[in-house]
Structure formats: structure tokens, C-alpha cells
Amino acid sequence: MAILSETPPKEVFKYFEEICAIPHGSGNTKQISDYCVNFAKEHGLRYIQDDNGNVIIWKEGTKGYEQSAPVILQGHLDMVCEKTPDSSIDFETEGLTLQVKDGYISAKDTTLGGDDGIAVAMALALLDSETIPHPPIEVVLTVDEEIGMLGAAAIDCSSLKSRLMLNLDSEEEGVLLVSCAGGVTATCHLPLSRVETEGTFVTLKISGLTGGHSGVEIHKGRANANQLLGRTLNELDNLISYELISVTGGLKDNAIPREAEAGLVVAYEDMSAVKELVEKYNDIYRAEYHITDPELSLTVSVGEKGVYTVVDSISRKYMIAALVNVPCGVLRMSLDIPGLVQTSLNMGILDTGSDEMVMKFSIRSNVGTEKEEMVSRLKNLMEIFGGTIEISGNYPAWEYNKDSKLRNLMVEIFEEQYGKKPAVEAIHAGVECGLFAGKLPGLDCVSIGPEIKDIHTPGERMDIASVKRTWDFVLEILKRLL
């Protein structure tokens, strides 16, 4: 039984409820893609469905708008599927159980998929209407945004004529998102040689760090465990002679690492010096990061005496030099948008194999040339140490458009509707707009959306009144795009 049938805007929530009844988690989007295709067929609209499941639907402009420039409405078809421990839902085969409480829509014990089902619902409601004035529309619905923007990366945009795009994948009402970072993963391989030596095995460990997302939280100044480990090894190298077995830290290149450790071989007579240094730098690090990482801890544990295979002295020198000298964190702030991180670098993963040390970085920049320059710097550093670099997952920045006519129009309309100025913001993370900006030269794009709280968790809920205001905002934007 429909529970949103009388909830305004009815035309939007009609489709949102239908979408929620269809399983559409990332990687499981064929059914929702086919649903959109069937919608297009039933309404006599031209469409394309590619091999990945991306869907494009066209609709002519209404009377008086036939010759207007077309506009793209864009969102994604997939949702993040998370549930509470006691939920029995099978996301592969079952839809969601919607509920309404205190002005919010949520799903019982699961994520709601308001990100980005509400965009799909608004697009279908617009395509369905015979009375809403609008220019020619190109609705672009992508798959698998939540697992790497795979649909947007693969979609062929050659059939799209518009260079105006309204992305409906934001979750904060009153914010116009106008720029995002491009990114790339750089994996650096530093070769090493090994020899055998005798001594006592020692483990140095950095733990208790706060960590976080390497894009949206990189500006918070949190400690990077891999970087601190390199700093500690360098300080120890200035104090005693020791042998290095391994360094490891971090789990994902796009996460600020919370833990890292090194395996060493130390002469027994140097053990007290190691412990004193660890105690000293534990206090130093805790003082330096007392705000961001109050639980930070540097510890040492002593193992067995024996014969161990360690890296040779030259390899150790290069490993420590690389860890100490590689850039880390915020590299440049934007001069166009106050408070925006423009370029950053995060060593998210550190590991040691039998014949190499591997450092895996997430590089982000809202300016494409600065991202390329950072890759070049890493390449040069690796060449000095005899290493190599691999590049993967490269996606373009959505650069800030100082002369955006769409943004200026939306600011004007927002002030009229809300009685205040909207926030105009950029994000130091990737969104689909960046990929489309790379495929459609000259694209003028803004991202908006209604208020959605706790996305990607079973507590996700969408503000009903915010959906209505956002819908009215979208309609007025389209009306004025003559």
C-alpha cells in the first residue's frame, strides 16, 4: 500500500515510492534501469540504454520553449545498501519498507536511497508532466555512482547537446555545489634488497589516530600514521644503528591511516635508547596533535633475539628518505572559494614486500593542472630512489566557473524563494559532475538536492518539506531557462 500518495509533491513521491519498491543497490541496477526504459517507452520518449545500464531520456521543450537551449537533469540509479543487524532484508531481491515520522521519510532498518532516488523521481515526474513549462530536456541517469562513479565514467555523451546541467545529487538544502576535485591513485614502488642479520626483534607502532576521509576531512589537520612512522624511523636513524624489516600502515588510499607499524632489529645494548626515543616522541606527537588526535599513541614492543632477514643499509636509507620527504595533507588552498582545499595528497597505504616498499596515494585537486603536477613530483621522487609509479583511477576535476550563468540564475531564484542567499560551495572530493565536465567541454553545471540526513546508514531520512521546496526551485529554474 502506497504511504506517500497524498504527500506533496505528489507527482514526485509517486515515482519515489515506485523506485523504493525495486531493488537497486550498486551492482544490482538492471531492474531499475529497465524500469526507466519502460517509462520512456510508455510515454513515447526517445531513449538510450547502454550496455552498463545507463539511461538517457529526451523530451522536447514545451510551448514557447521549443527553440530554447536544452538542459540536462542528472542523477544516479544506484543506492548504498546498509541495514541494521536485526534486519532480514535481501537487498538483491526485495524493495524497501518506507515509513514517515516527524516530517521525514525513512526506510525500516535500512538505508533509504534518497541518495539518489529522489533525483530519479524528480526527473520522471518532470518527463511525465504535460503542464510544467521547460526547455528541451536530456535526463541522464547513471549506474554504480556509489562504487566509483563507474556509470558516469563509461557513458557515451556524444548524443547530448546541452551544455547546461542540473545535477540532483546533493544532500544539503540551501547549498549550490559548483566545483569538485579531480583525483588519481598513484602507487609508488621502491625496490629494496635484503640481507640477514642477528639482533632483537622490535615493533614500533603508531595507533589511536582519528583518521577520516582523505577528501572532505583532509583540511582538519589530522595525523597520518604512515607519515609519523617515517618521522619516527628517521629520528631513530639519527640516534642508533638498527636494521629495518618492514613498514605497514593504512587500509585504503582514500582514508587517512589510523595505524602504522615497523618491524626492526636492534642490538640489545641499544634497547634503552629506543624506549627513551619512543617515550619522547609519544609526548611530542600527542602535544602536536592534542586537538585532532587525542588518543594518539607511539609504542614499542620487544620480541625474540634471533637471525632476521632485513633490508640492506642503502634500501633503508631510501625508504626512510621517501617516507620523510613525500608531501602529505593539504598542499594548496583555493583563492576563488574561501576555505576550500584546492590540492591535497594522502599516503593511505604503506606496505613492504620481499623486494619492494609500496606507497599508495590519493591525489586530489580542484584544478586539473595541479593534480598533474603532483603526479610529476611523485614520479621525480621515485626516479631519484630508483623506483617507479603506477597511475590508476584518474578522474577529472570539475573546476569552478567564475562566469556561470546557471549559477547566477539559481542564486537569484533562491533569494526570491527563500528570502536569503544560498551557500555557494565546492567539495574536495569527486562527484559525477567532474566526469561530465570532462566529457562535455564548456559545461555549465550546478548540483543541488533536498535535505537528507545520515546518508549511507540505516538512519538515513529525507525531509519531506525540503523535497517540496527543492522541487519548486527546480521548476522555477526550468521556467526561466528560455
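Hydrogens, waters and symmetry mates play no part in the numbers below; they use all other heavy atoms, side chains included.
Although no hydrogens or angles enter the test, the distance criterion places no donor-acceptor pair under 3.5 Å between the side chain of Ser365 and the main chain of Gly368. When atom types are taken as modelled, the side chain of Asp293 and the backbone of Thr210 share a donor-acceptor pair closer than 3.5 angstrom. Side-chain atoms of Thr111 come within 3.5 Å of backbone N or O of Glu82 as a donor-acceptor pair. The closest donor-acceptor contact from the side chain of Ser162 to the backbone of Pro70 lies under 3.5 Å. Of the possible polar contacts, none joining the Gln49 side chain to the Asn54 backbone as a donor-acceptor pair under 3.5 Å is found. A donor-acceptor pair under 3.5 Å links the side-chain atoms of Arg286 to the main chain of Pro294, judged by distance alone. Distance alone, capped at 3.5 Å, places no donor-acceptor pair between the Asp128 side chain and the Leu124 backbone. Proximity of a side-chain donor or acceptor of Ser362 to a complementary backbone N or O of Asn254 within less than 3.5 Å is not detected. Side chain of Tyr65 to main chain of Lys479: a donor-acceptor pair is present (N/O by atom type, distance under 3.5 Å, no hydrogens or angles). At distances below 3.5 Å, at least one donor-acceptor pair connects side-chain atoms of Asp78 with backbone N or O atoms of Asp144.
At a cut-off of 3.5 Å, with distance as the only test, no side-chain donor of Asp336 or Ser334 sits close to an acceptor on the other residue. Between the side chains of Glu11 and Trp471, at least one donor-acceptor pair of N or O atoms lies under 3.5 Å. Side chain to side chain, Ser214 and Arg364 meet the donor-acceptor criterion of an N or O pair below 3.5 Å. Side-chain N/O atoms of Asn167 and Gln74 include a donor and acceptor closer than 3.5 Å. Donor-acceptor pairing under 3.5 Å is recorded for the side chains of Gln99 and Ser106.
At a threshold of 4.5 Å between non-hydrogen side-chain atoms, the residues Leu141 and Val120 count as touching. Counting heavy atoms from C-beta on, the side chains of Leu298 and Thr232 come closer than 4.5 Å. Side chains of Asp109 and Lys83 form no contact here, defined as non-hydrogen atoms less than 4.5 Å apart. Between Val143 and Glu145 there is no side-chain heavy-atom pair separated by less than 4.5 Å. Between Met149 and Tyr395 the shortest side-chain heavy-atom distance falls below 4.5 Å. A heavy-atom distance below 4.5 Å is found between the side chains of Glu172 and Glu451. Contact annotation: the side chain of Leu229 never approaches that of Glu261 to less than 4.5 Å [non-hydrogen atoms, C-beta and beyond]. Residues Arg461 and Asp454 have side chains in contact (heavy-atom distance under 4.5 Å, counting atoms from C-beta outward).
Within 6.0 Å of atom CD1 in Ile391, more than 12 heavy atoms from other residues, nucleotides or ligands are found, so the atom counts as buried in its surroundings.
The CD atom of Glu259 lies 4.5 Å from the NZ atom of Lys205; values are rounded to the nearest 0.5 Å. From Cys445, atom SG reaches atom CE of Met165 across 3.5 Å, with rounding to the nearest 0.5 Å. We find the OG-NZ distance between Ser392 and Lys360 to be 6.0 Å, quoted to the nearest 0.5 Å. Interatomic distance, Ile245 CD1 to Thr248 OG1, rounded to the nearest 0.5 Å: 12.0 Å. Rounding to the nearest 0.5 angstrom, the gap separating the NZ atom in Lys371 from the CG atom in Leu345 is 13.5 Å. Taken to the nearest 0.5 Å, the OG1 atom of Thr470 stands 9.0 Å off from the CG atom of Leu168.
Classification of Glu288 and Arg231 as a salt-bridged pair holds, one side-chain N sitting under 4.0 Å from a carboxylate O. Using a 4.0 Å cut-off between charged nitrogen and carboxylate oxygen, Arg332 and Glu370 count as a salt-bridge pair. Between Lys220 and Glu217 there is a salt bridge, since a side-chain N of the basic residue sits under 4.0 Å from a carboxylate O of the acidic one. A salt bridge is defined here as a Lys NZ or Arg NE, NH1 or NH2 lying under 4.0 Å from an Asp or Glu carboxylate O, and Glu412 with Arg480 meets this definition. Ion pairing between a basic and an acidic side chain is recognised when a charged N comes within 4.0 Å of a carboxylate O; Arg469 and Glu173 show such pairing.
Taking the centre of each ring, Tyr47 and Phe39 stay at or above the 6.0 Å mark.
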| task | Could you please spell out the steps behind the side-chain contact (heavy atoms from CB on, under 4.5 Å) verdict for Ile118 and Phe16? | result | CA-CA 6 Å; Ile118 196 61; Phe16 183 74; 4.2 Å; yes
| message | Show, in sequence, the C-alpha distance, side-chain angles and deciding distance for His189 and Glu390, and conclude whether the side chain to side chain donor-acceptor pair (under 3.5 Å) test is met. | response | CA-CA 8 Å; His189 300 267; Glu390 294 177 41; 2.7 Å; yes
| request: Could you walk me through whether Thr110 and Phe91 pass side-chain contact (heavy atoms from CB on, under 4.5 Å), step by step? | output: CA-CA 10 Å; Thr110 69; Phe91 283 115; 3.8 Å; yes
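Taking the six-membered ring for Trp and thresholds of 30 and 60 degrees, Phe414 and Tyr418 have nearly parallel ring planes, at less than 30 degrees apart.
Under the side-chain contact (heavy atoms from CB on, under 4.5 Å) rule, Ile137 has a single partner from Leu45, Thr62, Val71, which is Val71.
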